[in-house]
S.K.: 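Handing you this structure, nothing more for now.
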Amino acid sequence: MGKEILPEILLPVLGISVSVFTAFRNTQAYNRWWEARTLWGGLVNGSRNWRNGLLALLPNDSDRTAELNKLVGLQVLLVWTLNGELRGSYHPTCAPKIDDLRQQLGLGKNSSSQDLLQLLSAELLKLYDLGRIDGLGRLNLLNFQKETCNFLGGLERIRNQPLPASYDLFIKAIVWIFGYLLFIRLDSMHEPGGALIGFLCLFGFVLAERLGAYRKIHLLMEYLAYP
């Protein structure tokens with residue numbers, strides 16, 4: 001029956017097509033995941049360097065601790081807020097801490113990552129106007145703010161530009177068709193174990209296709225300790 005339904009050449013050609021398209025899509029998905037992880041790591045490590053820069057620049061007097069806590073708190077909140085925006089929701093264990101930090105800084109619950117970037121720039125300008133940091137120090141801190149914008153833009157690009165839906169649907173359809181036809185062929189050629197082998201093959205191809213379709217940015221929350 002399998003030979004009557006399927007021409008001899010159809011299954012090998014379809015199998016080659018499935019392998020090529022699935023491998024391409026899975027490779028693209030992995031590259032996007034790795035790029036997101038690289039950008040996120042750069043953002044976290046850069047935030048630590050930014051904190052250390054503040055420690056080195058601010059004078060060691062009575063106002064230093066309050067200024068550090070406010071600025072580092074804003075940077076931590078920025079990273080947490082960006083994480084929530086990328087995920088679409090905040091991690092349950094992080095949400096209370098984010099609310100507490102916003103309350104400590106006197107900010108509303110709707111502060112976005114863009115709002116926090118602007119607030120950080122304004123705070124650095126205030127420190128410069130008060131003579132707390134010099135022009136070179138302010139420039140170095142602002143350079144990191146520029147890098148933060150680049151990291152943020154790259155992560156948003158990955159989140160907002162997934163692989164085309166039509167291509168995703170095509171890959172899904174061709175994998176299911178190939179898996180089902182392979183199941184029929186094996187079932188007709190090898191009885192009674194052919195059905196089981198065919199089902200396992202179908203399950204394997206569908207699993208590989210679904211793994212490649214998992215394009216959600218999985219960013220692990222990392223904490224920046226206060227100085």
Side-chain angles (χ1 to χ4, degrees), residues 32-133 137-160 214-227:
R32 294 164 70 86
W33 174 85
W34 183 252
E35 182 184 1
R37 293 297 303 152
T38 301
L39 290 170
W40 184 257
L43 176 61
V44 172
N45 290 331
S47 296
R48 291 167 179 156
N49 290 330
W50 185 84
R51 176 198 59 192
N52 294 337
L54 281 174
L55 285 168
L57 289 171
L58 288 175
N60 190 13
D61 54 22
S62 59
D63 296 329
R64 187 172 189 258
T65 300
E67 292 169 343
L68 282 172
N69 285 344
K70 182 175 184 179
L71 287 168
V72 175
L74 285 172
Q75 183 63 31
V76 172
L77 184 59
L78 169 62
V79 176
W80 276 348
T81 300
L82 176 59
N83 186 281
E85 291 175 351
L86 292 172
R87 288 178 178 271
S89 62
Y90 293 107
H91 194 279
T93 60
C94 297
K97 298 178 181 179
I98 295 174
D99 291 337
D100 291 342
L101 186 54
R102 281 176 173 163
Q103 186 175 2
Q104 293 173 18
L105 297 172
L107 300 175
K109 292 185 176 181
N110 296 324
S111 301
S112 66
S113 57
Q114 295 294 336
D115 296 332
L116 294 170
L117 277 173
Q118 295 177 13
L119 184 57
L120 271 170
S121 298
E123 290 296 326
L124 290 178
L125 177 60
K126 186 185 298 185
L127 289 178
Y128 174 73
D129 290 340
L130 293 173
R132 303 291 292 170
I133 57 175
R138 180 190 175 214
L139 180 61
N140 290 333
L141 295 174
L142 287 177
N143 283 336
F144 172 70
Q145 294 299 104
K146 180 179 179 181
E147 292 180 2
T148 299
C149 289
N150 292 335
F151 292 140
L152 190 151
L155 290 166
E156 289 179 337
R157 172 181 54 80
I158 296 174
R159 179 197 62 183
N160 296 331
Y214 183 74
R215 298 184 305 273
K216 182 179 181 181
I217 303 174
H218 183 66
L219 301 178
L220 299 177
M221 180 63 69
E222 298 189 38
Y223 299 90
L224 297 174
Y226 281 91

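Fair warning: this is a prediction, and the values are worked out from it, not measured in the lab.
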S.K.: For the side chain of R157 and the backbone of L152, is there at least one donor-acceptor N/O pair under 3.5 Å apart?
M.R.: no
S.K.: If every non-hydrogen atom of P92 is compared with every non-hydrogen atom of P96, which pair is closest and at what distance?
M.R.: O-CD, 3.2 Å
S.K.: Is the number of heavy atoms from other residues, nucleotides or ligands under 6.0 Å of N110 CG greater than 12?
M.R.: no
S.K.: Do R32 and R37 come close enough that some side-chain heavy atom pair is under 4.5 Å?
M.R.: no
S.K.: Could you tell me if the side chain of N143 sits less than 4.5 Å from the side chain of L139, heavy atoms only?
M.R.: yes
S.K.: Does a side-chain heavy-atom distance below 4.5 Å link T65 with N69?
M.R.: yes
S.K.: Applying salt bridge (Lys or Arg N to Asp or Glu O under 4.0 Å), name anything that partners R138, two or more places apart in sequence or on another chain.
M.R.: none
S.K.: I'd like to check N45 versus W40 (side-chain heavy atoms, cut-off strictly below 4.5 Å). Are they in contact?
M.R.: no
S.K.: Quick one: list whatever passes side-chain contact (heavy atoms from CB on, under 4.5 Å) with N150, sequence neighbours left out.
M.R.: K146
S.K.: Taking atom CZ of F144 as the centre, report whether more than 12 heavy atoms of other residues, nucleotides or ligands fall under 6.0 Å from it.
M.R.: yes
S.K.: Is the shortest side-chain heavy-atom distance between V76 and W80 below 4.5 Å?
M.R.: yes
S.K.: Any salt bridge (charged side-chain N to carboxylate O under 4.0 Å, His left out) pairs touching residues 109-125, not counting sequence neighbours?
M.R.: K70-E123, E123-K126
S.K.: Kindly compute the distance separating CG (L124) from CG (L74), expressed to the nearest 0.5 Å.
M.R.: 9.5 Å
S.K.: Can you list everything that forms a side-chain contact (heavy atoms from CB on, under 4.5 Å) with F151? Sequence neighbours excluded, please.
M.R.: L39, L43, E147
S.K.: Would you say I158 and W33 make side-chain contact, with heavy atoms under 4.5 Å?
M.R.: no
S.K.: With a 3.5 Å distance limit and no angle check, can you tell me whether T38 reaches the backbone of W34 through a side-chain donor-acceptor pair?
M.R.: yes
S.K.: Report the distance from atom CD of E156 to atom CG of L86, rounding to the nearest 0.5 Å.
M.R.: 7.0 Å
S.K.: In chain order, what residues pass the side-chain contact (heavy atoms from CB on, under 4.5 Å) check against D63, with sequence neighbours excluded?
M.R.: D61, E67, R132
S.K.: Nearest 0.5 Å, please: how far is CG in L101 from CG in L107?
M.R.: 8.0 Å
S.K.: For L57, enumerate each residue passing the side-chain contact (heavy atoms from CB on, under 4.5 Å) test, keeping only those at least two apart in sequence or located in another chain.
M.R.: I133, L141
S.K.: Please examine the side chains of L78 and Q114, heavy atoms only from C-beta on, and report whether any two atoms are closer than 4.5 Å.
M.R.: no
S.K.: For the side chain of E85 and the backbone of S113, is there at least one donor-acceptor N/O pair under 3.5 Å apart?
M.R.: yes
